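Computed from a prediction, not measured in an experiment: that's the story for all the values here. Positions are given from 1 along the sequence.
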Amino acid sequence: MMESIFYAMIGWCGTKWPGWRPGPKPDPDPEPWWRGALFGLAGGIVGQLAANFALGEAGSVLTSSLGAFAGGVIVKDIAGGLMGR
């Protein structure tokens, strides 16, 4: 359970927050931050599971963390594309 929470947080780090955009923020904000965070959390767990499945016993915490980060980025971008954002 704690391991899943850890990888969910890493997936959340893979999402881009609206404050990370350079320059002035658009008004109204095009994306609520919590929506991207939810997809990032789910993507982190999915990415960690995919990394562990692909590498099996050869995987480490670092490879699982990278898989969780990439999963957060990919799932958030795919969900944002499907929702037209």
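Minimum interatomic distance between Gly67 and Ala51 (heavy atoms only, all atoms of both residues): CA-CB, 4.2 Å.
The side chain to side chain contact (heavy atoms under 4.5 Å, CB included) test with Ser64 is passed by exactly one of Leu55, Asn52, Leu49, Ile10: Asn52.
Rounding to the nearest 0.5 Å gives a distance of 10.5 Å between CE of Met9 and CD1 of Ile45.
Pairs engaging residues 36-46 under the side chain to side chain donor-acceptor pair (under 3.5 Å) rule: none recorded [sequence neighbours left out].
With sequence neighbours excluded, no residue satisfies side-chain hydrogen bond (donor to acceptor under 3.5 Å, both in side chains) with Ser65.
Residues Ile74 and Phe39 fail the side-chain proximity criterion, which asks for heavy atoms closer than 4.5 Å.
In the hydrophobic clustering of this structure, Val73 groups with Tyr7; members are Ile, Leu, Val, Met, Phe, Trp, Tyr whose side-chain heavy atoms approach within less than 4.5 Å, directly or through other members. Residues Phe53 and Val46 fall into different hydrophobic clusters, defined by Ile, Leu, Val, Met, Phe, Trp and Tyr side chains chained together at heavy-atom separations under 4.5 Å. Linking Ile, Leu, Val, Met, Phe, Trp and Tyr residues whenever their side-chain heavy atoms come within less than 4.5 Å places Phe6 and Phe69 in a single cluster.
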